[in-house]
Amino acid sequence: MSCFLRRCLLLSMILFPVLACAEVRLDWKSVEGGHLLNEVEVFDGAFLGSASGSLILSTGASLSGGEHGSISNEEPLLVFWKDVKTSQWKKKISQIYHDLSGSAVIEHKFGLILAGGHNSVSASDKVSLLAWNPKSEELTKYPLPSLPYKVATSSAVIIEEKLYLYAYQEGERPSFYRLNLAGIKGKQVDNRVDISLMVDEQWELLTQLPIPAESDLKLTVQNDGFGEKVYGMFNQARDGSVAEKEAKAAEVWKFDPTRLEWQSVGAVKLAEKLISSRFNAVTPLGQSYILALMDDGKILSFNAITAQWSEYKQHLLSSESESKSSNTPILAKAVASLDGELYVLAQYQDGERDSSSLLSLSVESKVQDFGRINMTVLVVYLALVVMVGLFFALRNHNTNDYFRGGQSIPWWAAACSIYATMLSSLTYVALPAIVYQTNWILLVGIWMIIVVAPVGIYIAIPFFRQIDATSAYEYLSKRFNMGVRLFASALFTLFHIGRMGIVMALTALALSAVTPLTAAESVMIMGVLCLFYCTIGGIEAVIWTDTVQTIILLLGALVCFVTIISGIEGGISGYIDIGLSGDKFKVVDADFSLNSITTLSLWVIVIGGIGQNLTSYTADQAIVQRYMVTTDIKAAEKSIWANALIAGPASLLFFAIGTGLYAFYSTHPEKLDPNLQIDQIFPAFIATELPVGFAGLIVAGIFAAAQSTVSTSMNSIASTLVTDFIKPFDLVKTEKGYMSAARWLTFIMGALGTTAGLIFIDPEIRSLMEAYFKVIGMFMGALGGLFVLGVMTKKANATGAMIGILSGVFIMVWAWKAGWANGYLYATIGILSSFIIGYLVSLLKPCEDKEVEGLTLYTMKKPVNQGH
């Protein structure tokens, strides 16, 4: 036995991947037509920005008072854009001039905003908006409110229609201002943008950035995991007498637009070595990185979540994509983003002379290949899942088999299926990603599954078993009327179509980071496989694949956590130290102020978590359907208890993994690909750090778990449509016809969910789990309120129920649009608004009494150990 163990250990060491970096490389390429040669000289203070699909650049101003670039010889603005028909770059010299150096240049949705700057004569307080019209190929300048004083050097950014500007003038203290830009309006008129400007807006003086005067500061914006922040990157100005080795290290500060406070992030370090280079230009990169182009030619990246720096290798390419070897680094003067690509106004050594040029800059990542073994495991696993569907297809003889599994499912399999349905791949992929960028605040909310479990056990299960429900919404027709039932069933259908989209998009984005498949291809594969095995296999196929997924994914999560700990210097103690220093173990935000309703404070988490789980246990057909698949009530109750017992420690494990990812990539910043979306981080870790084959199995499990969730939604929607919309109206006459309708509806809903998945593949969505919380509230909150209204009151009637649910939906949409509540609260808001308004309307407009025996908490029959 010991010999066998030694062989296994040796094999695992051979298969274990080398802990290599992400091999990020920057590729430079000349933009056709962007080579300036000797036509125009580029000076300090040159700028580059994007507007209306075009690049606008100024070559800067000479401050020597010489002939070229002086105040008497203003420099024109240049515009570069791609011709839509030919895809060739075009260039135009504008009639608008810019003779200032050091101006702040900010990209706005209607153009470029220029603020301050100086020339050989004086500084400026002027602020203007440059709008480019691609149809007429003309630039137009609009004046904006002037700065409080003349500013020689400035840098600025925009967050949510507010401009933040750092201003410095010799002899003046550096200042930090804000200007509201919401008054800038624009509309398309005759192929041009007609812009109306704000009136009566004033610059607001904010908290001063606590840095020395004459510091060379660059501002940019990035999300640190808790929202967008203004990042200030600077190095103190050096005089010629200061030796390079004595120069102070560059520093980073960040400003919170909500709290209006500056916070020190620390000095710029690479492998514990302080960096004293100055920042030429900075720009956001991906969802959490900042790219910094330094005055010594180096290009660094800063991770706003882990606050770690990395340096990237550079490769210069000619316009013909041929490599150029040069010992002289590329010096960036300015950088801009256009259509997802970076463009740089730069200087580099071209032969025997310096050359100024417009270059494109792409961030390329050579991530470790997923490998044939992993791909083989993935394909085989998915094939087995499809085989499960084929097996159970032979057992489906009627709709009771198709939708309720003949009520013969063991309680422990039902428990695994409930767990997989409520959390599934969302937990596995998105939850560690949220914790990686934030902390443990959501843990309390997820543990509300345990708190709300008794509601499902002692109230929901007896109700639904008594009426022998196939659809959860059969109860509503008995308690209220058919109209309420149909509306609720339709709302549930919309929710699960959206849920399918989010789950497939999340998993597809994850898989695209670790497999050769694109996100769209992954969605299509998941959709097609689900359409096949769910359409033919029914609920039994769904439940048994859920069970296998749960076991594999939980065991895989344990292996991942152990791997993470082994890759952190100091092991578990290093993990704890890094987590504590980054405040990653924070569980409670004890904020009870009026503004806390928009945050993830403790009361929001607790109440929101209760609301989300209450809707799941009472109003979600995907869960209620599991109450009906077991042999009796006792088995159904065991499944709920078992689900709660699984969810508690499992969620703790996923939170620990999220913090582990933060600690791992804080220790190894070079291993993290800046192009990854936040939701892709954990799958990327699995693919690159786990043993070959095992990584394929876990990725396959994630894939199949998503499929299982999607197939659950497909089957649940079909069950409600058949039970609520077809059977009550006797639209089909035979059991064979109902089976055919069930399969066709399953297929159609799967196709709609797949379409939603393709729509949700959006790089702008930072966290799909946060989007999921909002979707729950938007659709399921009001449904939960409807069930609470029916169960908790005897006087509620159909009129009150219908007005209550409509009001609940309206209030949630209002909360979403106005932003007066955190998305985590939407489900609870829906429950409360539907219940309160529905009950009040019922009291004000009483109608004919309806028999409520056995349909409320007060008239509930004694539970019967019901079989099938």
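Hydrogens, waters and symmetry mates are skipped; everything else that's a heavy atom, side chains included, is used. Counting begins at 1 with the first residue of the sequence.
One side chain, Gln621 or Ser719, offers a donor N or O that lies under 3.5 Å from an acceptor on the other.
Relative ring orientation between Tyr473 and Phe492 is described as tilted, the plane-to-plane angle lying within the 30° to 60° band.
Annotation: the span from Leu840 atom CG to Ile803 atom CD1 amounts to 11.0 Å, rounded to 0.5 Å. With values rounded to the nearest 0.5 angstrom, Leu555 atom CG is found 9.0 Å from Leu553 atom CG.
Environment of CH2 in Trp814: sparse, with no more than 12 heavy atoms of neighbouring residues, nucleotides or ligands closer than 6.0 Å.
The backbone N or O of Leu486 sits nowhere less than 3.5 Å from a side-chain atom of Ser489 that would complete a donor-acceptor pair. Under the 3.5 Å distance criterion, the side-chain polar atoms of Ser740 are left unmatched by any main-chain donor or acceptor of Lys736. Judged purely by atom type and a 3.5 angstrom limit, Ser842 uses its side chain to pair as donor or acceptor with the backbone of Asn797. A side-chain donor-acceptor contact under 3.5 Å links Arg479 to the backbone of Ala796. A distance-only check finds a donor-acceptor pair linking the side chain of Asn481 to the backbone of Val484 [under 3.5 Å]. Although no hydrogens or angles enter the test, the distance criterion places a donor-acceptor pair under 3.5 Å between the side chain of Ser834 and the main chain of Gly804. Within the 3.5 Å criterion, the main-chain N or O of Leu825 finds no donor-acceptor partner in the side chain of Asn822. A donor-acceptor contact shorter than 3.5 Å is absent between the side chain of Thr659 and the backbone of Ala656.
By the ring pair (Phe, Tyr, Trp, His ring centres under 6.0 Å) test, Phe835 is found to be paired with no residue, residues two or more places apart in sequence or in another chain being considered.
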For residues 445-459, dump all side-chain donor-acceptor pairs below 3.5 Å to protein atoms at least two apart in sequence or in another chain.
residue	atom	partner	partner atom	Å
Trp447	NE1	Gly648	O	3.0
Trp447	NE1	Ser651	OG	3.0

Side chain to side chain donor-acceptor pair (under 3.5 Å) for Ser596 and Trp603? Distances and angles first, verdict last.
CA-CA 9 Å; Ser596 63; Trp603 73 270; 2.8 Å; yes
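Sorted by first then second residue, the salt bridge (Lys or Arg N to Asp or Glu O under 4.0 Å) pairs that include residues 621-631, not counting sequence neighbours, are Asp546-Arg626.
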